[in-house]
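To keep things clear, I will list the structure first and then write my remarks on it.
To find a chain, count down the sequence lines: A is the first, B the second, and so on, and within it residues start at 1.
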Amino acid sequence: MLELVIFWITALIGLGSALGVIFARNTVHSALFLVLHLLAQAALYVLLEAHFIAAVQVVVYAGAIMVLFLFVIMMLSLERGEAAGDRVPGQRVWAFGLGLTFLTLLGFSLAQAPIRGQGEGLTPERIVALGGNTEALGRLLFTQYLFAFEVVSVLLLVAMVGAVVLAKRRL
Amino acid sequence: MVPTGSYLLLSAAFFTIGLLGVLVRRNAIVIFMSIEIMLNAANLAFIALSHQLGSLRGQVFVFFVLAVAAAEVAVGLAIMVAIFRQRGSVDVDEIHLLKG
């Protein structure tokens, strides 16, 4: 019961802040709404017993990535609002119509298709026996997914070099 | 116990809001933030299904998605800084150099 209440409160905060991101006039407000949205998502992850991912979500997403966003927004001084009116005729109407259609289709297909598939049967009790969510996840990450993990480190390095090259005024 | 279907529906709603942001807004940074909302919606679906099926693999995927999103943000914002330097704006309607 309590879980249900927390779920609905968090879901409403998440939906409201997501709408805030796309409708706020001021870009800084958008970014702050996005921080709220990411925190709401982290709360949902805790409800789903993904504790490590929830912590990473707060530290990496709501922390590091959003600081980067705010830094760029303030550096570029984007206080000037967007030009009014649609560039493509009826852009907003079409966007809302298509979005609503998309959501209806998604909801309909979710209602139609039962969730099938075989997991590993890792109940919360078994995860605790493995040393908790973080340890179980780390074990999986550093054995079966070790190669992907190493490749991601190279990806991050390349992204870092790319960002420096792109943002540098003159090489 | 919250049914997994509610999480998936919520994830679909988040994704749609992100999609609307990309379609409606013109400020490239807000479009970028909408893309982040969509990525997070996918993450929520991953974690909900991983919980439902009793598997940690969904969470491993979310971990990788987070890393890729961080890389994407770094490069994307650098591109935006470069564009702003050249044109003085990040309005996507004004960036049409490659338009045929």
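- Considering only heavy atoms from C-beta on, B/F84 stays 4.5 Å or farther from A/V72 through its side chain.
- Judged by distance alone, the side chains of B/R57 and A/Q144 do bring a donor and an acceptor atom under 3.5 Å apart.
- Residue B/S50 does not touch chain A at all, counting heavy-atom pairs closer than 4.5 Å.
- In this structure, A/I73 and B/M33 have side chains that are in contact, with non-hydrogen atoms separated by less than 4.5 Å.
- Contacts between A/V152 and chain B at a heavy-atom distance below 4.5 Å involve the side chain alone, from C-beta outward.
- Residues A/Y61 and B/E36 have side chains that bring a donor and an acceptor to within less than 3.5 angstrom of each other.
- Here A/A31 is the residue among A/A64, A/S153, A/A31 with the most heavy-atom pairs under 4.5 Å with chain B.
- Of the two parts of A/L68, the backbone and the side chain both hold a non-hydrogen atom closer than 4.5 Å to a non-hydrogen atom of chain B.
- Looking at A/M75, only its side chain comes within 4.5 Å of chain B, counting heavy atoms on both sides.
- Between chain B and the residues A/M160, A/H37, A/M1, the most heavy-atom pairs under 4.5 angstrom are made by A/H37.
- In this structure, B/F15 and B/I37 have side chains that are not in contact, with every pair of non-hydrogen atoms separated by 4.5 Å or more.
- Counting heavy-atom pairs under 4.5 Å between each of A/Y45, A/F102, A/F23 and chain B puts A/Y45 at the top.
- Chosen from A/A148, A/G99, A/G107, A/G162, the residue pairing most often with chain B at heavy-atom distances under 4.5 Å is A/A148.
- Heavy-atom distances place both the backbone and the side chain of B/V68 under 4.5 Å from chain A.
- Side-chain contact check for A/L166 versus B/V81: every heavy-atom pair is 4.5 Å or farther apart.
- B/I31 does not touch chain A: none of its heavy atoms, backbone or side chain, sits under 4.5 Å away.
- Note: A/L19 leads A/L19, A/V60, A/V56 in heavy-atom pairs under 4.5 Å with chain B.
- Each of B/V22, B/L66, B/V62, B/L9 has some count of heavy-atom pairs under 4.5 Å with chain A, and the biggest count is that of B/L66.
- Counting only heavy atoms from C-beta outward, the side chains of B/N27 and B/D91 never approach each other to under 4.5 Å.
- A parallel orientation is assigned to the rings of A/F149 and B/F63, their planes being inclined by less than 30° (bins at 30° and 60°).
- Residue A/E3 qualifies as enclosed at atom CD: its count of foreign heavy atoms under 6.0 Å is above 12.
- For the options A/L106, A/L98, A/L141, A/L156, heavy-atom pairs under 4.5 Å to chain B are most numerous at A/L141.
- For chain B, no part of A/I6 is nearby; none of its heavy atoms comes within less than 4.5 Å.
- In terms of heavy-atom pairs under 4.5 Å with chain A, the best-connected choice from B/L56, B/L53, B/N43, B/N40 is B/N40.
- Of the two parts of B/I79, the backbone and the side chain both hold a non-hydrogen atom closer than 4.5 Å to a non-hydrogen atom of chain A.
- For a residue to count as touching a neighbouring chain, one of its non-hydrogen atoms must lie under 4.5 Å from one of that chain's; by this rule A/L110 touches chain B with the side chain only.
- For chain B, the nearby part of A/Q41 is the side chain; its heavy atoms alone come within less than 4.5 Å.
- If you measure heavy-atom distances from A/F71 to chain B, you find no contacts under 4.5 Å at all.
- Looking at A/F33, there are no atoms closer than 4.5 Å to chain B (heavy atoms on both sides), in backbone or side chain.
- Counting heavy atoms from C-beta on, the side chains of A/L103 and B/L19 never come closer than 4.5 Å.
- Side chain to side chain, B/Q59 and A/N133 meet the donor-acceptor criterion of an N or O pair below 3.5 Å.
- Atom CZ of B/F64 has more than 12 heavy atoms from other residues, nucleotides or ligands within 6.0 Å.
- In this structure, the side chains of B/Y7 and B/V2 come closer than 4.5 Å at one or more pairs of heavy atoms.
- Only the side chain of B/L39 has a heavy atom closer than 4.5 Å to any heavy atom of chain A.
- For chain B, the nearby parts of A/Y145 are the backbone and the side chain; heavy atoms of each come within less than 4.5 Å.
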